[in-house]
Amino acid sequence: MQSIRNIAIIAHVDHGKTTLVDKIIHASKIFRENQVFEDLILDNNDQERERGITILAKNVSIRYKEHKINIIDTPGHADFGGEVERVLKMADGVVLLVDAFEGAMPQTRFVLSKALGLGLKPILIVNKVDKENCRPDEVHEEVFDLMFNLGATEHQLDFVTLYGSGRGGWMNTDWKVKTDNIIPLLDAIVDHIPPAPVHEGIPQMQITSLDYSTFTGRIAIGRVFRGELKEGGQYSLTKSDGSIKKVRIKELHSFEGLGRVRVESVLAGDICAVVGIEDFEIGDTITDLENPEELPRIAVDEPTMSMLFTINNSPFFGKEGKFVTSRHIRDRLNKELEKNLALRIQPGESEDKFLVFGRGILHLSVLIETMRREGYELQVGQPQVLYKEIDGKRCEPVEVLVVDVPQETSGKVIELATQRKGELLIMEPKGDLQHLEFRIPSRGIIGLRTNVLTATFGEAIMTHRLDGYEPYKGTIAERVSGSIISMDSGDVTAYALDKLQDRGKFFIEPGDVIYQGMVIGEHNRQNDITVNVQREKKLTNMRASGTDDNAKIAPKINFSLEEMMEYIQKDEYIEVTPKSLRMRKILLDENERLRNTKKETV
């Protein structure tokens, strides 16, 4: 009988989780000697590689000595808390990875609090000790204090600490002594993480994740909590509405290396994939046919932000996308609900509008970007924060914002945060940077990142996490400058753009095709302005070197999807198509916009 260790690797974004998992995979000799593979093996999603973050939790299994170690790579970003909460249910212990310079960051705190609350035993790894200015001993003390503040038990506070470099591929109990492998980490997992308990009795397995195969359909993934599951067996599936459904397991797969191996049975404590069960949801329990017993359902934190999704009705509708109707968008959003636990969807005021609720701008932008890459065309409105009624008071979500910034620009960051109702909690030096912590409403963070990066010449490092709800803090100043809007449709000319340079900054360049009502720039003043950028130069037969001025046009500003989401105003949409991102007014016609403004002021 083999002993099983189920561990989750948790860390803040960019502290080196996925790189460390790579090294563990190499140490366990899963690959052949001559096999070619890329870095960041588990970040196999295009967006994960491009953004450099883990979005979806993934499983990998290795053999070490006589033990099987199931490793779960978790997302580090608080926006993907729904992923974290469900996969921690599969673990018996956690490996907490912390950067030797940055220390415990706010989102480390978020995931760690979830793990400690489930009673999981931690192993601490202080990573990147080969970096300049690293402070491993101070970081160790910081993590101990953090665990104590989060209410860790004495058993959890008696954790083992390893130091090393994930990229360098070494670990040791003393950070001053460099080794040439990460075997001390595997030994620590075997010695200090408790083996998965084998509970005898009627079978129980909670579905905590899902996969999809074009051949076999949806695949349920979870940990067998009690008893034994057998291929071909008849079981009950307990649903969220209290109903119980009879199901049969067609195939059982156990995790082995980076893949899965078909097996006849899976015992309690192991993680497996089940093929052949239809119509299941995450949180459902597969249990005994005669005496069904349900496991407690997974509780997920509530969404904090909403966005309006609607069909693309711009003049360029249907030119690039394959899926453009409201039926396509509705079906895709409902499909996302099956695996994205933290997402909620409500019908909007008309058939082609949907209110989508998520955990933050990054959570929603990953969904929009995924849909765009799959060939969908849609439009999205300005993100809105969700308010709650608590004890008769209107309350809003409040976050802890951490900014590490060079000393000389810290004053600008404090000014920008306090303008948005942020309260400065901590200000202290950290190496050659200034470490700032604020409590700030979630509304204040929307659009703040761009301003902070501009004010600090791109050198600020910003992170934030939800800290609870507090009474409404009052109005927050929105974008000061107005929009420059296109008066007509057609090609942009260099002549027209050159003459308008003094009006503001532009998001377009000569040769771009635009339409009436599209937002093409940022005005220098507070009001919106409509301009003609299609005007051509009047040609005469007179030519002279003195009278012909060459057009001198400033480079256009390129926005990412997240920057657009933070930039747009209430009366604007982002048009999202497979090849383009455009900002536009909801009402394209200038006269309609004026009539609407008059109605609102009356």
Side-chain angles (χ1 to χ4, degrees), residues 308-326 328-329 350 352-353 368 372 375-382 479 481-525 527-539 551-561 563-565 567-599:
L308 178 74
F309 280 47
T310 182
I311 58 167
N312 183 13
N313 60 1
S314 83
F316 292 170
F317 149 82
K319 286 189 175 179
E320 295 173 8
K322 286 189 287 184
F323 310 111
V324 294
T325 66
S326 58
H328 285 132
I329 294 170
S350 62
D352 56 5
K353 291 184 177 170
I368 296 165
R372 175 188 175 200
Y376 287 83
E377 274 193 21
L378 65 151
Q379 292 182 144
V380 293
Q382 188 188 41
R479 192 176 97 206
S481 46
S483 300
I484 301 178
I485 306 155
S486 171
M487 184 187 287
D488 214 339
S489 303
D491 291 9
V492 178
T493 64
Y495 172 74
L497 210 52
D498 180 42
K499 301 292 183 223
L500 295 165
Q501 291 288 293
D502 58 340
R503 294 302 181 96
K505 304 169 188 165
F506 283 89
F507 314 146
I508 53 168
E509 59 191 3
D512 286 355
V513 183
I514 60 171
Y515 55 78
Q516 180 187 0
M518 192 166 140
V519 175
I520 56 172
E522 182 181 298
H523 192 201
N524 289 337
R525 301 190 181 172
N527 60 313
D528 288 351
I529 178 176
T530 308
V531 298
N532 181 351
V533 286
Q534 287 89 3
R535 223 163 19 127
E536 294 191 357
K537 185 176 180 182
K538 296 275 188 296
L539 295 179
K552 295 182 182 69
I553 297 166
K556 70 171 183 176
I557 299 172
N558 286 312
F559 279 120
S560 69
L561 177 58
E563 286 167 345
M564 282 189 179
M565 287 162 73
Y567 184 82
I568 59 169
Q569 293 177 319
K570 285 190 181 68
D571 64 340
E572 293 171 356
Y573 278 156
I574 304 169
E575 180 189 348
V576 181
T577 69
K579 294 179 186 168
S580 316
L581 292 170
R582 303 181 187 94
M583 289 181 280
R584 54 160 282 186
K585 288 291 178 185
I586 294 175
L587 299 172
L588 295 177
D589 185 74
E590 188 180 4
N591 296 322
E592 269 187 71
R593 287 199 298 275
L594 289 169
R595 278 197 295 273
N596 199 51
T597 312
K598 281 177 186 168
K599 271 187 207 167

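Side chains included, hydrogens not; waters and symmetry mates left out as well; all remaining heavy atoms used. Start at 1 with the first residue, then count along the sequence.
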Could you tell me if the side chain of Tyr573 sits less than 4.5 Å from the side chain of Thr310, heavy atoms only? yes
So which atom in His328 and which in Thr325 form the shortest heavy-atom distance, rounded to 0.1 Å? ND1-OG1, 3.0 Å
Check salt bridge (charged side-chain N to carboxylate O under 4.0 Å, His left out) between Lys579 and all other residues, then give those that pass, not counting sequence neighbours. none
Looking only at heavy atoms, which two atoms of Leu588 and Pro315 are closest? And how far apart? CD1-CD, 3.7 Å
CD1 (Ile484) and CZ (Phe507) are apart, to the nearest 0.5 Å, by 7.5 Å
Do Arg372 and Leu561 have side chains that approach each other closer than 4.5 Å (heavy atoms only, starting at C-beta)? no
Other residues, nucleotides, ligands: >12 heavy atoms within 6.0 Å of Lys556 NZ: yes
Any residue meeting salt bridge (charged side-chain N to carboxylate O under 4.0 Å, His left out) with Arg535, in chain and number order, not counting sequence neighbours: none
Flag side-chain contact, heavy atom, 4.5 Å: Ile508 against Ser486: no
So how far is it from Ile329 CD1 to Asp352 CG, rounded to the nearest 0.5 Å? 8.5 Å
Tell me, with the steps shown, if Ile574 and Tyr567 meet side chain to side chain contact (heavy atoms under 4.5 Å, CB included). CA-CA 10 Å; Ile574 304 169; Tyr567 184 82; over 6 Å; no
Would one find more than 12 heavy atoms of other residues, nucleotides or ligands at under 6.0 Å from atom CZ of Arg503? no
Rounded to the nearest 0.5 Å, what's the gap from CG on Asn313 to CD on Gln379? Could you check? 4.5 Å
Listed by chain and number, what are the side-chain hydrogen bond (donor to acceptor under 3.5 Å, both in side chains) partners of Glu377, not counting sequence neighbours? Asn312
Which pairs of donor and acceptor atoms, one on a side chain in residues 510-521, lie under 3.5 Å apart (sequence neighbours left out)?
unit_1	atom_1	unit_2	atom_2	d
Asp512	OD2	Glu509	N	3.1
Tyr515	OH	Glu575	OE1	2.6

Asp528 meets the salt bridge (charged side-chain N to carboxylate O under 4.0 Å, His left out) criterion, sequence neighbours left out, with Lys585
Quick check: closest heavy atoms across Arg593 and Thr530, and the distance to 0.1 Å? NH2-OG1, 3.8 Å
Picking from Ile586, Leu587, Asp571, what satisfies side-chain contact (heavy atoms from CB on, under 4.5 Å) with Asn596? Leu587
Would you say that Phe317 contacts Ile311 through its side chain, given a criterion of any heavy-atom pair below 4.5 Å between the two side chains? no
Residue list, side chain to side chain contact (heavy atoms under 4.5 Å, CB included) with Ser580, at least two apart or on another chain: Glu320, Thr577, Arg582
I'd like to know whether Leu500 forms a side chain to side chain contact (heavy atoms under 4.5 Å, CB included) with Phe506, so could you lay out the CA-CA distance, the side-chain angles of the two residues, the decisive distance to 0.1 Å, and finally the verdict. CA-CA 9 Å; Leu500 295 165; Phe506 283 89; 3.8 Å; yes
I'd like to know if the side chain of Glu522 pairs up with that of Ser481 as donor and acceptor (distance under 3.5 Å, no hydrogens or angles considered). yes
Taking Ile485's backbone N and O only, do any of them form a donor-acceptor pair with Ser483's side chain (distance below 3.5 Å, no angle check)? no
Atom pair OG1 (Thr493) and CD (Glu536), whose distance is rounded to the nearest 0.5 Å: 6.5 Å
Value for CD (Glu590) from CD1 (Ile529), rounded to nearest 0.5 Å, stands at 10.0 Å
On a heavy-atom basis, which atom in Leu497 and which in Val533 lie closest, and how many Å separate them? CD1-CG1, 4.0 Å
